[in-house]
Amino acid sequence: MTRDIPENPGLEGLEAKWNALWEERGTYRFDRSKTRDEVFAIDTPPPTVSGSLHMGSVFGYVQTDSHARYRRMAGKEVFYPMGWDDNGLPTERRVQNHYGVTCDPTLPYDPDFSPPEAAHQPARAISRRNFIELCHILTAEDEKGFEGIWRTLGLSVDWSQTYATIDEHSRRTSQQGFLNNLKRGEAYSQEAPVLWDVDFRSAVAQAELEDRDRPGAYHKVAFRLTDGTPLYIETTRPELICSCVALVAHPDDSRYQHLFGTIAISPLFGVELPIVSHELADPEKGTGVAMICTFGDTTDVTWWRELQLPTRAVIQPDGRLQTPTPEWLAGNGAAAYTEIAGLYPNQARARMAEMLAVSGDLDGEPRPITHPVKFYEKGERPLEIITSRQWYIRNGGRDDDLRKDLLERGEQLHWVPDFMGVRYRHWVEGLNGDWLISRQRFFGVPIPVWYPVAGDGSVDYDNPIIPEPDQLPIDPTSQSPIGYDESQRSKPGGFVGDPDIMDTWATSSLTPQIAGHWLDDPDLWQRVFPMDMRPQGPEIIRTWLFSTTVRSHYEHGTLPWESATINGWILDPDRKKMSKSKGNVVTAQDLIEEHGAEAIRYWACNGRPGVDTAIDTGVMRIGRRLAIKILNASRFTLGLSEDLDASSITEPLDRSMLAALAMVIAQATTAFDGFDYSRALEVAERSFWEWTDDYLELVKSRAYGDGPASASAHAALQTALGSYLRLFAPFLPFVTEEVWSWWREGSVHRASWPTTAELADHLGDAEVMAVTSRVLTAARRAKSDAKVSMRAEVETLEVVADAATQDRLRLAEPDLIEAARAGSIEYREGETFAVRVELAPLPGD
RNA sequence: GGGCGUUUAGCUCAGUUGGCUAGAGCACUGCCCUUACAAGGCAGGGGUCGGCGGUUCGAGUCCGUCAACGCCCACCA
C-alpha cells in the first residue's frame, strides 16, 4: 500500500487545509486564454457588507457555487468573480452606529481625525470627507471577514477577480455608464415632485418603496361654495388644507355635476379653489369629493399634472411645514397658518383638527382608520412629496415603446424557475415613472457633472459640464471641470458641482461591466460578456435584475446574461421569514462552526431552486453523515488494492452496479444542465447509499479474496468511487478533494465530470443488482424479525421468481450466499416474486 | 383589490409528460458492537396526498372553486 489513507479519517481540519492548498495552487483561477464559447461567466451578486453574514446569503451563494463547480468539471472555464456592495446607505448607517458619528457636509475636513476605539456618545458630527474615510475603513474590515466565511464555505471564487461597488474601478465604470446614458438622451434631470424621506433627506425611487399599514383618521371637513353652502370632503391629512389647489369629483358623479367649473372656499384659509372632475376620483370614497393638495399623495401628483393645477407646497425637505406664511394666504388665512407653521405634519394635523372643530368646519369626530402609507423600505417615517431637481434614467415607465422592448428582454431571458419571469413582467408593466437615480446622500458614486453659473448667479442645469473619460472617476464637489479652477466654484461666470450621489442600483446595475472590465480590458470583456448566469434573490428582481437589464439594453443592445437563477427565501426553523426587525436572524458563522461547511452546503443544496427553505439543522446533520460515509467507503475501497484497469471488471454483479451508476450519472447531468443542483444531489445521494449498503456488502467477501473475481470487485469499486467523488464534488468539495488526494493527481475540482461514455465498456444488466438486493433485504428482514445478528447463518434461501429473475440471481449467487450467510439458494418457478428464508438453528438451540 | 408560489406521514421534503398496493431522511420502535463506518448498520410501524366539485377506464399528478400560509404589486382622499 503506497496510498496514504488515514486510519480514522475525519472532517476536522479539511476546510483550512484545502482552502490553503487551493489558493496556493490557483485551483479556481480564471484562465483568460479561453474564448467566449469555452467560458461560463457568472454575474455574482455582491453581498451587502454589513458585519455578519445572513444565512439567506449562504443559501444562494452555495447553490451557485455548486453550479459553478459542475460547469468547471464539465469542461467550461468558469468566470466566477466576487463583489462587495459597500456603496450607499447601509454602509452610512453602519458607520454612524459603529463609530458614533454623523455626517455634516458643512464642516471642514479634519486631517487628524482617527477612527474612535468606541462609538462616540453622543454622536459626533464630522465632515463629509472624514465620514467617507470611515466608510472605507469599516467596509474593508467587513470585506475581509466576509471573504473568510466564503472561503470556509468553499466557494470556488477566483479571489483575484474581486471588486467593491465603491472602489475606483466601479466608480469609473458607473460614471462612464451614466455619461453614456446622458449622451444618448437616456438620462435626464428634471425638477418635479418626488417621494422624499424626511429623515434621510433624500429622494427615493419607486423600487425602494413599501406600503405599511398605519393608523389614520378621516376628518370630514366643510369647504364652502360661494353661496355659503358647505361642501364636505373627507381627508386623513387636514394639515394640507393650506396647500389645497382644487377639489375634485368623478366626472360621472351626478351629485356634483352642477358644481364642476364653480368655486369653493377652503375653511380657515379662505382660498378660492376650482371644483374639477377627474376619473381617478372615487365616488365610493368619503363624500366622493377629494381635495387636491401639492402634495399629499401620488394621486395628487397625477391630478396636479393632468389638470395643470398650480403648486402650493408647504412641506420642507426636513418634513416640517414651512415657517414663512405662504404667499397665497392672507388675512385670517395667514393668521391661521401661523398656528401650524414649522410643525411636523402629525403635529399640524392635531392642531388643524382643533381649529376646525372650533370654527365649526369639522363634522363630527375624526374617524380612526388603518390605511396603507408609503415608506422608504429602510425608513421610519412616512414619505412626503416635495418638488426638487433630480436625475432619472428612462426605464419604460413613461415610454410605451421602451417598455415593450424591456418586456421583450424579460421574455428572452431564461428564468429558473420559470415562474419568476412573471415578477419581472408585472414590475415593468406597473412602472409609473422613470428611474430616479440621484440621492442626496454622502457615501456613494457622485453624479459626474458640473453646471455653469451664469453672470446673474443662476445655475444652468440644462447644460451640464461633462468630464472627459480619462478624468473619471471624479467628485464634482471637490474637483473642478477642465477650463475652470476652484476659485470659480459657485461664483457668477463659474460653476457648481452636482452635490448628489447615485442610487446604489445605478452602480450595481453594471456588475457585468465592472466584473468583466468593460472599460479597461476589452480582451477580457469579449471573453465573458454577455454572461451565462445571474444568480440572485427574488426580492431584487425589480431592482438589481431589472436595472441591469436596462443598462445592458442601452449600452450593448443585448441581455446581460442568458439565464437568471432565482433562489428561494430562507425561513427560520419556525418557517417565518427571517428579518432583522423580527430578531430571528441566525448568522452563518455560528452554524458553520457547529456543523461544518459540508453540512451547511448540503443543506443549501437540498433546497429546490426558487423554493423557500427553512433552516434545518437536522438536514445539516444528514449532510455531515454523508461526508463521513464518503470517507469511510473510500477507505474501504482504496484499502483493498492498487489501481486496477477497468478491463478487470468481469463479474455480472459488478457490471450491473455500474449500469445503475451510469443511469445516475445521466440523471445528475441532465439536472445540472437545467440548473437543478438539488436533483443532481438527490439522485447521487440515493444511489450512493444503495451502493454502500447493498453493493459493498454483497462484494465484501469476494473483495477480500484473490483472483480474477476479486480483481473485478476491486476495479468496479474503484471505478464507482471515482464517479461518486466527482458527482459529489460540487456539493461536498472538501471531503471529495481529500479522498481524491489519497488516490489521484490534481484536484477533483478540475477533473472531468463523470460521463456514461467512460463506463460504456463495463456495463451489464442493471436488473441483476436490483433483484439481488431484494433477496438480500429479505434475508436481513428474516434475521431482524428473529432478533438475531446479521451474521446469523441461513439454512436455505428459497426464491420464487420467474425464469428471467432466476437467471439474474444465479449470476450473483456466490456473492449473495456470502452476504446473506446462506447455505444454499433454491429456486421455484412463480409469477410473484417472493423469498422464504429458513434460518439455521442457533448454536445451543 | 390583483398576481405568483406553497399546502403529500409527528417534522423537513421528493413524486418530471395522469397508471402497478404513495416515496426518502429525521423522529419513533425493535434488533445487531458484522475486520469502511456505533456521531454506525439492519429492519419495522406510521400518510389516501388542504376542503369541495369535475374530466378520465384510472388523478397526489389535469380543470373549476374555496381555505390557510408566504411573497410581490396596488391611486395614502
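Throughout, protein chains are lettered first and strands after them, A, B, ... in sequence-line order, and every chain is numbered starting at 1. Note: hydrogens, waters and symmetry copies are ignored here, and every other heavy atom, side chains too, is used.
No contact: Leu431(A) has no heavy atom under 4.0 Å from any strand. Here Arg679(A) lies in heavy-atom contact (under 4.0 Å) with sugar-phosphate atoms only. Among the heavy atoms of the strands, none lies under 4.0 Å from Thr302(A). As judged by a 4.0 angstrom heavy-atom cut-off over every strand, Glu697(A) is placed among the base-contacting residues. Looking at heavy-atom distances under 4.0 Å, Ala281(A) makes contact with a base. Across all strands, Asn606(A) comes closer than 4.0 Å to no nucleic acid atom at all (heavy-atom distances). Using a 4.0 Å heavy-atom criterion, one finds that Arg214(A) contacts no nucleic acid atom at all. Nucleic acid contact class of Trp689(A) (heavy atoms, under 4.0 Å, all strands): sugar-phosphate only. At the heavy-atom level, Asp693(A) lies under 4.0 Å from the strands shown only through sugar-phosphate atoms. Within 4.0 Å (heavy atoms only), Gln206(A) reaches sugar-phosphate atoms of the nucleic acid but no base atom. Within 4.0 Å of Leu696(A), counting heavy atoms only, lies at least one base atom of the nucleic acid.
The separation of C42(B) from U34(B), taken at their P atoms, amounts to 15 Å, rounded to a whole angstrom. For the C1' atom pair drawn from G5(B) and G18(B), the interatomic distance equals 23 Å after rounding to whole Å. Only the P atoms considered, U48(B) is 25 Å distant from U55(B), to the nearest whole Å. For the P atom pair drawn from G58(B) and G46(B), the interatomic distance equals 29 Å after rounding to whole Å. Between C49(B) and U7(B), the two P atoms lie 14 Å apart (nearest whole Å). C20(B) and G60(B) have their C1' atoms separated by 16 Å, given to the nearest Å. Taking atom P on both A22(B) and U65(B), the two are 30 Å apart, rounded to the nearest angstrom. The separation of C13(B) from G50(B), taken at their P atoms, amounts to 15 Å, rounded to a whole angstrom.
Rounded to an integer number of Å, the gap from Arg349(A) CZ to C76(B) P is 16 Å. If you measure from atom CG of Leu209(A) to atom C1' of C75(B), you get 13 Å, rounded to the nearest angstrom. Rounded to whole angstrom, the span from the CD atom of Glu210(A) across to the P atom of G70(B) amounts to 16 Å. The distance between atom CG of Asn632(A) and atom C1' of G41(B), rounded to the nearest whole Å, is 12 Å. Per the geometry, CE belonging to Met620(A) stands 15 Å off C1' belonging to C13(B), to the nearest Å. At whole-Å resolution of the value, OH in Tyr256(A) and P in A77(B) are 16 Å apart. A straight line from CZ of Phe295(A) to P of A77(B) spans 18 Å, rounded to a whole angstrom. In this entry the distance linking CD of Gln536(A) with P of C71(B) reads 18 Å, nearest Å.
Classified by interplanar angle (parallel below 30°, tilted 30° to 60°, perpendicular above 60°), the ring pair Phe728(A)/Phe688(A) is perpendicular. Note: Tyr724(A) and Trp691(A) have tilted aromatic rings, judged against thresholds of 30 and 60 degrees for the angle between ring planes.
Along RNA chain B, the nucleotide closest to His219(A) and the one closest to Asp785(A) are compared, and the more 5′ of them pairs with Asp785(A). Taking the nucleotide of RNA chain B with the nearest heavy atom to each of Asn8(A) and Pro372(A), the more 5' of the two is matched to Asn8(A).
A 4.5 Å side-chain heavy-atom check between Arg381(A) and Tyr376(A) finds every atom pair outside the cut-off. When side chains are defined from C-beta on, Met291(A) counts as touching Cys293(A), because their heavy atoms get closer than 4.5 Å.
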Review point. Going 5' to 3' along nucleotides 23-34 of chain B, which nucleotides have protein heavy atoms under 4.0 Å from the base (write B), which only from the sugar-phosphate (write S), and which from neither (write -)?
Key: --SS---BSS-B
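Donor-acceptor pairing under 3.5 Å is recorded for the side chains of Ser678(A) and Asp676(A). If you check the side chains of His250(A) and Glu279(A), you find no donor sitting under 3.5 Å from an acceptor. Between the side chains of Asp673(A) and Thr670(A), no donor-acceptor pair is found at a separation under 3.5 Å. Checking His219(A) against Thr235(A) by side-chain atom types alone, no donor-acceptor pair falls below 3.5 Å.
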Review point. Does the salt bridge (Lys or Arg N to Asp or Glu O under 4.0 Å) test come out yes or no for Glu682(A) and Arg608(A), once each step is laid out?
Key: CA-CA 10 Å; Glu682(A) 182 193 328; Arg608(A) 248 59 191 174; 2.5 Å; yes
Point to revise | Leu626(A) and Ile628(A): CA distance, side-chain angles, deciding distance, side chain to side chain contact (heavy atoms under 4.5 Å, CB included) verdict | key: CA-CA 5 Å; Leu626(A) 173 62; Ile628(A) 292 169; over 6 Å; no
Practice item. Carefully, step by step, assess Trp603(A) and Leu591(A) under the rule side chain to side chain contact (heavy atoms under 4.5 Å, CB included). Key: CA-CA 11 Å; Trp603(A) 161 76; Leu591(A) 286 171; over 6 Å; no
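Which of A43(B), C76(B), A14(B) sits closest to the side chain of Lys374(A) comes down to C76(B). When the nucleotides A43(B), G3(B), C37(B) are ranked by their closest atom to the side chain of Arg635(A), C37(B) comes out on top. Distance from the side chain of Val611(A) is smallest to A14(B) among G5(B), A77(B), A14(B).
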Show which side-chain atoms of residues 773-780 of chain A pair as donor or acceptor with protein atoms under 3.5 Å away, not counting sequence neighbours.
from: Ser773(A); atom 1: OG; to: Asp694(A); atom 2: OD2; distance (Å): 3.4
from: Ser773(A); atom 1: OG; to: Met769(A); atom 2: O; distance (Å): 3.0
from: Thr777(A); atom 1: OG1; to: Ser773(A); atom 2: O; distance (Å): 2.9
from: Arg780(A); atom 1: NH1; to: Asp694(A); atom 2: OD1; distance (Å): 3.0
from: Arg780(A); atom 1: NH2; to: Asp693(A); atom 2: O; distance (Å): 2.9

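Checked by distance alone, Lys629(A) brings a side-chain donor or acceptor within 3.5 Å of a matching partner on the base of C37(B).
Applying the 4.0 Å criterion to OP1 and OP2 of A77(B), one finds that His371(A) has a side-chain N or O inside that range. Listed pair Lys220(A) / A77(B) fails the phosphate criterion, with no side-chain N or O lying under 4.0 Å from OP1 or OP2. Between Thr777(A) and A43(B) there is a side-chain polar atom (N or O) within less than 4.0 angstrom of OP1 or OP2.
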Check your understanding: What dot-bracket string describes RNA chain B from 5' to 3', counting Watson-Crick and G-U wobble pairs whose defining distances are under 3.5 Å, with [ ] for crossing pairs and | for pairs to another strand?
Key -> (((((((..((((.....[...)))).(((((.......))))).....(((((..]....))))))))))))....
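Looking at every heavy atom in both residues, Pro538(A) comes nearest to Trp569(A) through CG-NE1, 4.1 Å.
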